[in-house]
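All remarks here apply to the structure that follows.
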Protein chains: 2
Amino acid sequence: MESQERFAQFLNSRGLRSSAPRSQVARIFLRTERHVSTGELYDLVRKKHKEIGYATVSRTLKLLEEAGLCRQVDFGDGTLRYEHAYKHAHHDHLVCTKCGAFVEIYSGKLEKLQDKMVEKYGYMQETHKLNIFGVCPKCQKKK
Amino acid sequence: MESQERFAQFLNSRGLRSSAPRSQVARIFLRTERHVSTGELYDLVRKKHKEIGYATVSRTLKLLEEAGLCRQVDFGDGTLRYEHAYKHAHHDHLVCTKCGAFVEIYSGKLEKLQDKMVEKYGYMQETHKLNIFGVCPKCQKKK
DNA sequence: GTGATATTGATAATTATTATCAGTACTGGT
DNA sequence: ACCAGTACTGATAATAATTATCAATATCAC
């Protein structure tokens with residue numbers, strides 16, 4: 001429930017309103033521990049709130065992102081997904097090219113190495129996105 | 001000129017034809033040492049060959065990719081770019097979020113670390129895409 | 001409450017890519 | 001050379017996802 005508060009706080013600090021649709025979309029997203037696309041979240045929202053439109057879902061996701069509560073994930077398949085970011089440490093993804101299954105991966109060494117690379121070129125790092133594509137164990141067996 | 005031959009060879013091995021439009025698009029792409037989007041390449045092609053359509057450029061890029069001559073690059077800004085892949089070692093990208101400038105980066109250590117991670121989860125690696133986003137030295141000074 | 005204004009939802013617009021398809025141009029066999 | 005079969009092309013339409021528009025509505029400070 002804490003992240004819900006954080007969202008309200010964020011809206012307030014920006015002079016934005018905690019409207020009913022915004023709160024409802026946010027609640028449903030925050031309750032769903034999955035990587036959802038805008039369309040998927042829209043479907044979830046619709047189960048409870050038939051009156052909420054796609055645009056509002058899309059806009060709310062953008063706000064959640066700015067509030068630091070979610071993060072865009074791009075698996076390169078044409079649709080963007082969003083994952084939780086609040087109290088969820090940074091990580092990268094290992095995606096199966098056959099079935100779409102993925103696991104979240106993290107390595108401190110890998111992060112440090114990246115920092116070094118960035119420094120070398122005089123850049124100031126903001127974020128990074130690493131997606132590794134391959135075939136998952138299940139799909140390897142199927143073949 | 002060698003990559004041109006390789007393309008012809010690839011087409012032949014697939015039972016495809018080395019048509020004039022295909023060769024022309026390929027030649028212009030291979031001569032341009034830049035990361036181009038389909039639209040940009042289309043414009044370049046149009047300067048020399050007014051009769052070639054967008055679809056052909058798009059299709060030829062796909063073929064070049066299958067031939068191992070180019071590689072898709074997705075900076076997450078909505079348009080896909082293509083870069084040379086033949087005799088161009090694998091590398092990742094460090095992209096400036098202010099001006100779009102980027103540098104190609106590579107680290108053997110980083111690659112090895114990734115291999116370990118993949119192995120750990122039983123996946124069979126195919127490719128990976130690492131984009132680091134930050135602010136380049138020039139844009140840091142401007143500010 | 002009330003009024004200024006942020007927000008909403010339906011729809012249209014946008015953007016990039018991909019599919020369709022009739023006409024054209026190659027191909028290999030004769 | 002000719003011919004039949006088929007791959008290729010380019011214009012256009014279709015697709016897909018996101019974003020902009022805008023009149024109607026809801027919200028919040030006062």
To the nearest 0.5 Å, how far apart are CD in Glu40(A) and CG in Leu44(A)? 7.5 Å
Can you find a side chain N or O atom of Arg22(B) that sits less than 4.0 Å from OP1 or OP2 on dT9(D)? yes
Donor-acceptor pair, distance only, cut-off 3.5 Å: does the side chain of Ser37(A) make one with the backbone of Leu80(A)? no
What nucleotide, of dT27(D), dT8(C), dT27(C), holds the atom closest to the side chain of Ala20(A)? dT27(D)
Rounded distance (Å) that lies between atom C1' of dC28(D) and atom CZ of Arg14(A): 19 Å
For Glu126(B), does the CD atom sit with more than 12 other heavy atoms under 6.0 Å from it, leaving out its own atoms? yes
Please report the distance, rounded to the nearest Å, between CG in Asn12(B) and P in dC26(C). 16 Å
In this structure, how many angstroms lie between the P atom of dT18(C) and the OH atom of Tyr42(B), rounded? 17 Å
Atom OG of Ser3(A) and atom CZ of Phe10(A): how far apart are they, to the nearest 0.5 Å? 14.0 Å
Grab the CG-P distance between Leu61(B) and dA16(C) for me, whole Å please. 15 Å
I need the full list of ring-ring contact (aromatic ring centres under 6.0 Å, His included) pairs touching residues 11-39 of chain A, with sequence neighbours left out, sorted by first then second residue. Phe29(A)-His84(A), His35(A)-His93(A), His35(A)-Phe102(A)
Rounded to the Å, how far apart are Glu51(B) CD and dT24(C) C1'? 13 Å
Donor-acceptor pair, distance only, cut-off 3.5 Å: does the side chain of Gln140(B) make one with the backbone of Val135(B)? yes
Rounded to the nearest angstrom, tell me the gap between atom CD1 in Ile52(A) and atom P in dG9(C). 6 Å
Base contacts versus sugar-phosphate-only contacts with protein, heavy atoms under 4.0 Å: please encode nucleotides 14-20 of chain D as B, S and - from 5' to 3'. ---SBB-
Under 4.0 Å between a side-chain N or O of Thr56(B) and OP1 or OP2 of dG10(D)? yes
Test item: His90(A) and Asp92(A) side chains (from C-beta on) under 4.5 Å apart, heavy atoms: yes
If you check every side-chain atom of Pro21(B), which of dT5(C), dT9(D), dA7(D) has the closest atom? dT9(D)
If I take atom CD in residue Gln24(B) and atom P in nucleotide dC8(D), what distance separates them, rounded to the nearest angstrom? 15 Å
To the nearest angstrom, how far is Leu63(A) atom CG from dA6(C) atom C1'? 12 Å
